[in-house]
Amino acid sequence: MKKIAKIGLLLALTGTLFTSCAADYYVAERPAEPVYVRPVAPYSGAYWVPGEWAWRGDRYVYVNGYYARPRAGRVYVQGYWHPVRRGYAWYRGHWR
């Protein structure tokens, strides 16, 4: 019984992961990225995670980038605008 519960939990988490990547919101035209000055790195080896777009209320808003510690054996995949049937949708950046 515990094994079935663990498998069910694993499937639920996997489904949540893939549905969170789905583009639920779109815009007719891609907005222009605002220009801002990247701050100086707070420590040696800091990785700059580029800014990206987030859906807030009824529109996309730009969220500035930030410095993060690099993750061993992983690379950061930058977010991007992807063409969809009705316009463009933002796919968030992530560590892979």
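Residue numbers start at 1 and run along the sequence shown.
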So does [Y] get a backbone contact from the side chain of [X], meaning a donor-acceptor N/O pair under 3.5 Å?
| X | Y | value |
| --- | --- | --- |
| E52 | G93 | yes |
| W81 | P83 | no |
| Y60 | Y25 | yes |

Can you name the nearest heavy-atom pair linking A41 to A46, along with the distance?
CB-CB, 4.3 Å
Considering all heavy atoms of both residues, which atom of Y36 and which atom of G65 are nearest to each other, and what is their separation?
OH-N, 3.2 Å
Indicate, with yes or no, if the rings of [X] and [Y] have centres closer together than 6.0 Å.
| X | Y | result |
| --- | --- | --- |
| W95 | Y47 | yes |
| Y67 | W48 | yes |
| W53 | Y88 | no |

Quick one, Y76 and P50 - any side-chain contact, counting heavy atoms below 4.5 Å?
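In short, these two side chains touch, coming nearer than 4.5 Å.
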For Y80, does the six-membered ring have the charged nitrogen or CZ of R30 within the cation-pi criterion, i.e. under 6.0 angstrom from the centroid and within 45° of the normal?
no
Working to the nearest 0.5 Å, report the span between NE2 of H94 and CZ of R74.
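Going from NE2 on H94 over to CZ on R74, the span is 8.5 Å.
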Stepwise side-chain contact (heavy atoms from CB on, under 4.5 Å) check, R92 with V77
CA-CA 9 Å; R92 293 181 55 189; V77 178; over 6 Å; no
R69, CZ atom: more than 12 neighbouring heavy atoms under 6.0 Å
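Counting neighbours around CZ of R69, 12 or fewer heavy atoms of other residues, nucleotides or ligands fall under 6.0 Å, so no.
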